[in-house]
Undergrad: 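Structure provided below as structure tokens; questions to follow.
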Amino acid sequence: MKVLKFGGSSVASAENIEKVVVIVKQKAEQSNVAIVVSALGRVTDKLISAGKLASTGNEEYKHILVELEERHLAEVRNLIPVSAQSSVLSQVKKRLNEIDNICEGVYLIGELSKKTLDRIMSYGELLSSLIIAEKLKAEGVDVALKDTRELIKTDAHYGNANVDFDNSNLLIWQYFNQSSRITVLPGFVASTESNETTTLGRGGSDYTASIIAGALNAEVLEIWTDVSGMMTADPRIVGQAYPIDKISYGEAMELSHFGAKVIYPPTIQPVLERKIPVWIKNTFAPNDAGTLILENGNESPGIVKGLSSVDKIALLSLEGSGMVGVPGFSRRLFDALSRKLINVIFITQGSSEHSISVGVLEEDVIRAKTVVDSEFAFEISIKKVEPLSVERGLCIVALVGDKMRSQPGVSGKMFSALGRNGINVRAIAQGSSEKNISAVINEKDVRKALNVLHEEFFETPTKQVNLFIVGTGNVGGKLIEQIRKQQHFLKEELRLNVRIIGLANSKKMCFDENGMDLENWKEKLLEGETMDMRQFIQRSKALNKRNSVFVDNTASEAVSKIYEELLENNISLVTCNKIACASTYKNYRKLKQLAMNQNVSFLFETNVGAGLPIIGTLNDMVRSGDRVRKIDAVLSGSLNFIFNNFKEGVSFENVVRQAQTEGYTEPDPRIDLTGTDVKRKILILIRESGVAMEMEDIATDSFMPADCLEGTVDNFFAKLKEHGQVFDEIYKRANAEGKKLKFVASYNEGKAKVGLQAVDRDHPLYMLDGKDNIVLFTTDRYHEQPLIVKGAGAGAEVTASGIFADIIKTAR
Ligand code: ADP
Ligand code: ASP
Ligand code: MG
């Protein structure tokens with residue numbers, strides 16, 4: 001058995017009730033269900049005002065009743081098919097007539113007792129349950145409607161009746177024992193032993209559902225409302241509030257007692273005893289996870305579970321010299337208040353015993369003052385005690401969480417956050433349990449206080465990462481796409497708000513200080529200003545954003561020349577451009593040093609092996625004290641692609657052309673074919689290993705005829721064709737020996753070289769597909785077997801992802 005409760009807003013309109021029907025139908029497929037419904041949204045308020053107006057002889061009440069009549073009849077017409085409408089309309093009208101008659105009686109005698117008000121209020125739920133049951137029937141669902149007044153028995157404390165659980169549990173159990181699978185019941189209403197209608201307190205439909213769930217030992221109590229769970233704070237006050245996924249009964253009770261209206265406080269009691277889970281769900285977003293209230297709900301992370309507030313609080317203080325050392329003052333104070341059924345929300349006592357203060361609701365102040373002053377009339381007359389002092393216009397803000405008691409520093413953090421924001425704490429209140437820390441503050445500060453505390457305890461500040469990207473070609477374009485797709489995740493999971501502030505390619509540049517809309521960056525760039533590198537840098541500097549990162553997706557020497565200026569201006573650098581790191585050792589060191597001094601990042605993982613974690617791995621080894629002895633590597637995805645595709649019957653020229661068009665080579669493929677690119681890469685690895693080396697120190701074993709290297713790129717292709725024979729020969733020789741051609745870069749104890757090698761089957765470099773790269777690090781720690789990094793080492797997508805990973809690293 002499941003018990004489902006739908007609140008006022010869930011059943012506020014025909015449209016909403018349709019949503020309820022979908023949920024009920026789905027649940028009813030799985031098990032028996034009891035459906036408890038509230039009155040249509042705001043109907044209870046209207047009924048109360050109709051009753052009150054009638055009692056003061058104000059005929060306005062009739063308008064309210066007309067409005068209620070129209071609303072309920074319209075719901076029937078909207079929900080029930082015409083063929084079935086008339087019987088439902090007449091049942092609804094019968095109920096509406098009863099309200100009219102009662103209100104007329106109230107109007108005539110000019111008096112509204114609590115008992116009569118309960119009768120009037122009960123019609124909200126009686127009507128809504130009737131309409132919803134009929135709607136379900138019209139949908140072909142086999143439902144019974146049961147008047148809860150016949151099941152829940154209470155005392156005669158009208159307006160807020162106390163449940164007789166023994167009696168009610170039995171009645172509920174007996175009824176459900178022989179009822180149909182689906183029962184609709186009005187929430188909120190109950191009755192006395194002599195069948196007088198009572199109500200369970202405002203918001204009491206939750207309680208009705210919980211009483212039924214408890215009596216039937218239901219598998220779950222589902223509270224369907226208009227928010228996606230119990231939230232970290234009242235969402236109407238704290239915009240950043242979010243649903244809590246799990247919470248303990250104690251915590252939920254504490255939060256609701258301290259103002260979290262989403263469940264009526266007494267609701268927890270009946271389900272707690274039987275450990276029935278309570279699931280708070282959103283009728284309007286049924287797929288949202290909602291909040292689970294469970295016995296061990298406090299095991300989920302988080303010391304502070306939620307914030308809440310109670311407003312319209314007054315502080316009552318009893319003071320006087322006569323109180324010192326005289327026992328019994330507090331007892332007399334509390335007895336007096338309890339005689340008048342005044343709820344004490346908190347107690348604070350000064351250490352001097354000279355005074356005692358309690359917090360009560362403002363509505364109880366007058367009664368409290370009267371009863372307390374009369375209790376201490378004698379002491380007041382002899383001036384041993386002052387008349388009760390009253391301070392109004394206060395409210396309580398509370399932090400709630402089971403684990404707070406074992407966690408030092410929570411209250412310190414709370415009060416210092418309030419203090420820093422100029423919020424004066426009138427009193428520190430001790431709640432009824434150690435589950436809460438509360439502060440009494442002025443009502444005018446409540447919104448600010450809740451937001452300040454929410455920020456302090458629930459919001460990890462989001463870090464902004466402001467990007468200035470140059471280069472929007474193959475790699476740059478993919479990078480922007482990846483950022484666009486990942487932006488939401490980064491914000492949610494890593495609290496990183498990665499935004500592109502400046503964007504440029506060789507022709508255009510554009511800026512958006514608030515972060516560009518990445519859905520249409522191409523159009524924005526096209527409409528942008530003419531690119532001027534100087535201007536771009538000037539603007540990036542002038543914007544002076546925290547966490548600025550310059551991203552170089554080019555292979556341009558000119559761009560690499562501005563790194564120094566950027567780092568000097570505290571702008572981090574992420575680049576796939578190898579030129580700077582492969583320039584003179586002096587320059588490379590200078591840039592690294594500068595980044596360190598300025599406390600910014602200079603990251604270039606994609607300089608070697610695209611997105612493969614080669615430099616990062618090497619850095620980790622070196623930083624942890626390892627020493628590189630030897631490096632063997634195939635570092636050119638381009639050359640690997642070329643030599644893997646170069647076979648009998650395919651011309652070398654065509655393979656190179658294909659590699660170029662597919663983006664596997666540099667725009668000028670000679671940079672790859674001459675080994676320059678590979679030399680740069682091995683040089684960077686050598687330098688990152690901690691060895692000072694220059695490009696010229698690396699020996700090259702070139703396989704390219706010299707005239708291929710002269711003139712334009714077109715000229716180069718022409719020469720490749722001309723020398724076709726030379727390349728075919730190289731291939732045939734290797735093939736005849738069962739070897740494969742690999743362009744290998746190696747470093748061994750201070751010496752480095754690059755060149756084409758024919759490797760045989762046993763060599764670790766032999767099995768290397770497509771455009772893959774491989775690096776073997778032999779180090780002091782990895783000396784028997786090298787540490788190997790292998791995988792796709794070229795291509796726009798993987799290069800972009802390597803750049804992206806570096807960008808994220810700068811922020812973390
Ligand atoms: P229903 O009519 O479904 O019983 P209520 O209006 O009684 O719904 O309770 C839901 C409302 O409680 C939400 O719309 C929200 O404005 C308010 N609320 C206050 N504090 C919280 C909180 N901590 N978490 C969720 N909702 C809260
Ligand atoms: N209709 C009642 C009220 O407004 C009970 C409820 O909705 O829970 O207080
Ligand atoms: Mg409610």
Side-chain angles (χ1 to χ4, degrees), residues 4-13 16-17 19-20 23 36-49 68 117-118 120-129 148 152 159-161 185-190 198-211 221-245 247 251-267 278 280-285 288 290-291 293 304-311 397-401 446-447 450 453-454 458:
L4 276 56
K5 178 261 174 177
F6 292 91
S9 47
S10 302
V11 297
S13 65
N16 296 359
I17 292 175
K19 295 194 167 73
V20 170
I23 296 165
V36 175
V37 295
S38 284
L40 310 190
R42 311 215 67 80
V43 163
T44 312
D45 291 339
K46 300 263 178 201
L47 288 166
I48 295 172
S49 51
L68 284 175
L117 183 58
D118 267 4
I120 296 177
M121 283 197 288
S122 71
Y123 283 96
E125 271 70 9
L126 296 177
L127 282 163
S128 66
S129 56
T148 326
I152 298 181
N160 211 341
L185 307 106
F188 188 46
V189 297
T198 54
T199 61
L200 301 178
R202 293 304 308 275
S205 296
D206 297 337
Y207 192 28
T208 309
S210 150
I211 294 164
L221 164 62
E222 299 184 4
I223 306 274
W224 289 82
T225 182
D226 59 354
V227 279
S228 294
M230 194 154 207
M231 305 181 81
T232 48
D234 185 339
R236 290 164 304 183
I237 303 178
V238 179
Q240 301 298 319
Y242 52 87
I244 304 164
D245 50 341
I247 188 167
E251 288 168 331
M253 202 149 33
E254 199 72 16
L255 270 176
S256 64
H257 271 293
F258 272 81
K261 188 197 164 201
V262 65
I263 41 171
Y264 180 51
T267 306
V278 182
I280 303 184
K281 293 278 289 173
N282 190 345
T283 306
F284 308 99
D288 285 1
T291 298
I293 308 177
V304 181
K305 273 303 182 54
L307 304 177
S308 53
S309 64
V310 187
D311 41 43
V397 287
L399 301 186
V400 171
V446 66
R447 186 166 280 272
L450 285 173
L453 294 175
H454 199 268
F458 296 97

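Residue numbers run from 1 in the order of the sequence given. FYI, side chains are in, hydrogens and waters are out, and symmetry mates aren't considered; it's all heavy atoms of this structure. In listed order, ligands and their atoms are each counted from 1.
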Undergrad: Pairs in or reaching into residues 222-233: which pass salt bridge (charged side-chain N to carboxylate O under 4.0 Å, His left out), with residues at least two apart or in two chains?
TA: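 Found Lys27-Glu222.
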Undergrad: Please check whether Lys5 reaches ligand 1 - meaning an N/O of the residue sits under 3.5 Å from an N/O of the ligand, judged on distance alone.
TA: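 It does: an N or O of Lys5 is found under 3.5 Å from an N or O of ligand 1.
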Undergrad: Glu125 side chain to Ala39 main-chain N or O, any donor-acceptor pair under 3.5 Å?
TA: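 Yes.
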Undergrad: Within ligand 1, which atoms have a heavy atom of Asp226 less than 4.0 Å away?
TA: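 Going through ligand 1 atom by atom, the ones under 4.0 Å from Asp226 are 10 (C), 11 (C), 13 (C), 14 (O).
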Undergrad: State the atoms of ligand 2, each with its element, that fall below the 4.0 Å cut-off from a heavy-atom position in Arg202.
TA: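 Result: 3 (C), 4 (O), 9 (O).
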Undergrad: Between Gly8 and ligand 1, is there a nitrogen or oxygen pair with a distance under 3.5 Å?
TA: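 N/O-N/O distance under 3.5 Å: yes.
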Undergrad: Could you tell me whether Thr44 and ligand 2 have an N or O pair separated by under 3.5 Å?
TA: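 Yes, Thr44 has an N/O under 3.5 Å of an N/O on ligand 2.
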Undergrad: For Ser205, counting its heavy atoms only, list the atoms of ligand 2 lying under 4.0 Å from any of them.
TA: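 Near Ser205, the atoms of ligand 2 are 5 (C), 6 (C), 7 (O), 8 (O).
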Undergrad: Under 4.0 Å, counting heavy atoms only: does Gly203 come that close to any atom of ligand 1?
TA: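 No heavy atom of Gly203 comes that close to ligand 1.
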Undergrad: Between Met121 and ligand 2, which part of the residue brings a heavy atom under 4.0 Å of the ligand: side chain, backbone, both or neither?
TA: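 The answer is neither; Met121 stays 4.0 Å or more away.
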Undergrad: Starting from atom 27 (C) of ligand 1, find the nearest protein heavy-atom neighbour and note its residue, name and distance.
TA: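 Among all protein heavy atoms, the one nearest atom 27 (C) of ligand 1 is Pro235 CD, 3.6 Å.
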Undergrad: Go through ligand 1 atom by atom and flag the ones less than 4.0 Å from a non-hydrogen atom of Val227.
TA: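 Every atom of ligand 1 under 4.0 Å from some heavy atom of Val227: 13 (C), 14 (O), 25 (C), 26 (N).
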Undergrad: Tell me which one of Val262, Thr232, Asp206 gets a heavy atom nearest to atom 9 (O) of ligand 1.
TA: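 Comparing heavy atoms across Val262, Thr232, Asp206, the nearest one to atom 9 (O) of ligand 1 lies in Val262.
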Undergrad: Can you report which non-hydrogen protein atom sits closest to atom 18 (N) of ligand 1, along with the distance?
TA: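 Of the protein heavy atoms, Asp234 OD1, 3.8 Å lies nearest.
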Undergrad: Taking distance alone, with no angle check, do Met231 and ligand 1 share an N/O pair under 3.5 Å?
TA: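 N/O-N/O distance under 3.5 Å: yes.
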